Engineer: 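One structure, as structure tokens, below. Some questions next.
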Amino acid sequence: MIISPTKGFVFFKPMKTAGSSVEFALALSCGPDDLVVGGMSGEEKEAGFLQQNNEYYDEIEKEVKAKFHTHTTPDSLKERISPEQFSDIEDLTWITMSRNPWDAIVSFYWWSLREYKEPNEEFRITVGDSNKTAKNKFSDFIFFNDGHHPGITPNSQDIFRPWKYIQKYNTQFLDPRMDHYIRFENIEQ
């Protein structure tokens, strides 16, 4: 997520929509007072993904924490700041991403296997797998994997399966306050 009063926009980043790449490009135009949540994985941070003005010191736990998550939704942003701050943000141009849901699921599958090796070995496609075996492993991960994925932090029991999780989470970015949707399929344009 980016909040850039300097450039007059807010960028909300759904999951698995190429949002990190777009956020990285947009962050390069931000001013020093703008909020840029930045990448969440070590790989993104190593690639130079900018993160600024997204930290605070938690007096209770005595540690520095992030103010916002990289995939902050419009509603969760509204809950976490004052009504006055939100009113200022509502006046900016709101931008988000969309992607063919099937492509998002395929991206989530490969990201999950890269990020969380241990619990996903049973779903990992290997060079020696037949096409049928590979299809079955992918299908089992997406449709029949009930909660064996540490990347999914469900708010309720109905979103344990990866396809439901991506669908439910990304639907939160379909917000009437959005001014622009960047389609992954048209990203070059």
Side-chain angles (χ1 to χ4, degrees), residues 1-41 44-45 47-56 65-112 142 151-156 158-189:
M1 181 180 73
I2 296 174
I3 301 174
S4 178
T6 302
K7 295 295 181 176
F9 72 89
V10 181
F11 175 70
F12 292 96
K13 183 172 78 168
M15 295 178 66
K16 309 318 300 166
T17 60
S20 294
S21 298
V22 172
E23 180 184 43
F24 180 75
L26 292 172
L28 297 175
S29 71
C30 289
D33 295 327
D34 294 339
L35 179 133
V36 180
V37 173
M40 60 186 260
S41 72
E44 290 174 345
K45 288 180 181 178
F49 277 60
L50 178 67
Q51 182 181 54
Q52 66 182 32
N53 303 319
N54 191 40
E55 294 181 339
Y56 73 98
K65 292 186 174 183
K67 292 178 190 175
F68 299 102
H69 185 270
T70 189
H71 299 296
T72 298
T73 66
D75 287 341
S76 64
L77 174 64
K78 185 175 185 176
E79 292 171 6
R80 301 210 48 208
I81 61 177
S82 73
E84 297 79 22
Q85 290 171 315
F86 191 76
S87 179
D88 290 342
I89 290 170
E90 272 190 308
D91 291 337
L92 302 175
T93 300
W94 285 28
I95 305 165
T96 193
M97 302 280 302
S98 69
R99 185 177 192 176
N100 172 315
W102 182 249
D103 288 339
I105 292 295
V106 171
S107 177
F108 184 73
Y109 169 79
W110 290 111
W111 175 84
S112 298
I142 297 302
I152 295 178
T153 53
N155 296 324
S156 62
D158 67 335
I159 59 172
F160 273 116
R161 292 189 176 152
W163 72 272
K164 285 186 178 183
Y165 178 67
I166 296 291
Q167 173 195 29
K168 189 166 188 162
Y169 197 86
N170 282 357
T171 300
Q172 297 174 79
F173 294 89
L174 299 174
D175 189 290
R177 296 169 287 205
M178 287 297 167
D179 296 299
H180 300 286
Y181 287 88
I182 300 170
R183 286 192 60 196
F184 171 85
E185 293 80 8
N186 299 335
I187 203 162
E188 286 186 31
Q189 296 169 3

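Both backbone and side-chain heavy atoms feed into the values below; hydrogens, waters and symmetry mates do not. Quick caveat: nothing in here was measured; it's all calculated off a predicted structure. Note that the numbering runs from 1 along the sequence shown for the chain.
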Engineer: By side-chain contact (heavy atoms from CB on, under 4.5 Å), which residues pair with Gln167, not counting sequence neighbours?
Structural biologist: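 side-chain contact (heavy atoms from CB on, under 4.5 Å) check on Gln167 returns Trp163, Thr171.
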Engineer: Looking at Thr70, Val36, Leu77, Thr96, which hits side chain to side chain contact (heavy atoms under 4.5 Å, CB included) with Met1?
Structural biologist: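 Going through the options one by one, the only one that passes is Leu77.
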Engineer: Show, in sequence, the C-alpha distance, side-chain angles and deciding distance for Phe11 and Met97, and conclude whether the side-chain contact (heavy atoms from CB on, under 4.5 Å) test is met.
Structural biologist: CA-CA 9 Å; Phe11 175 70; Met97 302 280 302; 3.7 Å; yes
Engineer: Name the orientation class of the two ring planes belonging to Tyr169 and His71 (parallel below 30°, tilted from 30 to 60°, perpendicular beyond 60°).
Structural biologist: perpendicular
Engineer: Does the pair Phe68 and Ile81 meet the rule for a side-chain contact (heavy atoms from CB on, under 4.5 Å), with working shown?
Structural biologist: CA-CA 10 Å; Phe68 299 102; Ile81 61 177; 3.7 Å; yes
Engineer: Show the atom names and distances, to 0.1 Å, of all donor-acceptor pairs under 3.5 Å that link a side chain in residues 84-91 to residues at least two apart or in another chain.
Structural biologist:
| from | atom 1 | to | atom 2 | distance (Å) |
| --- | --- | --- | --- | --- |
| Glu84 | OE1 | Ser82 | OG | 3.4 |
| Gln85 | OE1 | Ser82 | N | 2.9 |
| Gln85 | OE1 | Ser82 | OG | 3.3 |

Engineer: Are Asp179 and Thr93 close enough that a side-chain donor and a side-chain acceptor fall under 3.5 Å?
Structural biologist: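 No pair is found: no donor N or O on one side chain lies under 3.5 Å from an acceptor on the other.
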Engineer: For Ser112 and Phe108, indicate whether the former's side chain and the latter's backbone hold a donor-acceptor pair under 3.5 Å.
Structural biologist: yes
Engineer: Search all heavy atoms of Ser29 against all heavy atoms of Phe9 and return the closest pair with its distance.
Structural biologist: OG-CE2, 4.4 Å
Engineer: With sequence neighbours left out, what residues match Ser76 under side chain to side chain donor-acceptor pair (under 3.5 Å)?
Structural biologist: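 Ser76: side chain to side chain donor-acceptor pair (under 3.5 Å) contacts with Thr73.
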Engineer: Would Lys7 and Cys30 satisfy side-chain contact (heavy atoms from CB on, under 4.5 Å), going step by step from the backbone distance to the final call?
Structural biologist: CA-CA 7 Å; Lys7 295 295 181 176; Cys30 289; 5.7 Å; no
Engineer: For Val37, does its backbone N or O pair with a side-chain atom of Gln51 as donor and acceptor, under 3.5 Å?
Structural biologist: yes
Engineer: Checking the side chain of Gln172 only, and the main-chain atoms of Asp75 only, is there a donor and an acceptor separated by less than 3.5 Å?
Structural biologist: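 Between the backbone of Asp75 and the side chain of Gln172 there is no qualifying donor-acceptor contact (under 3.5 Å).
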Engineer: I'd like to know if the side chain of Arg99 and the backbone of Pro14 have a donor-acceptor N/O pair within less than 3.5 Å.
Structural biologist: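 Pair absent, no side-chain N/O of Arg99 close to backbone of Pro14.
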Engineer: So, the side chain of Asn54 versus the backbone of Leu35: is there a donor-acceptor pair under 3.5 Å, distance only?
Structural biologist: no
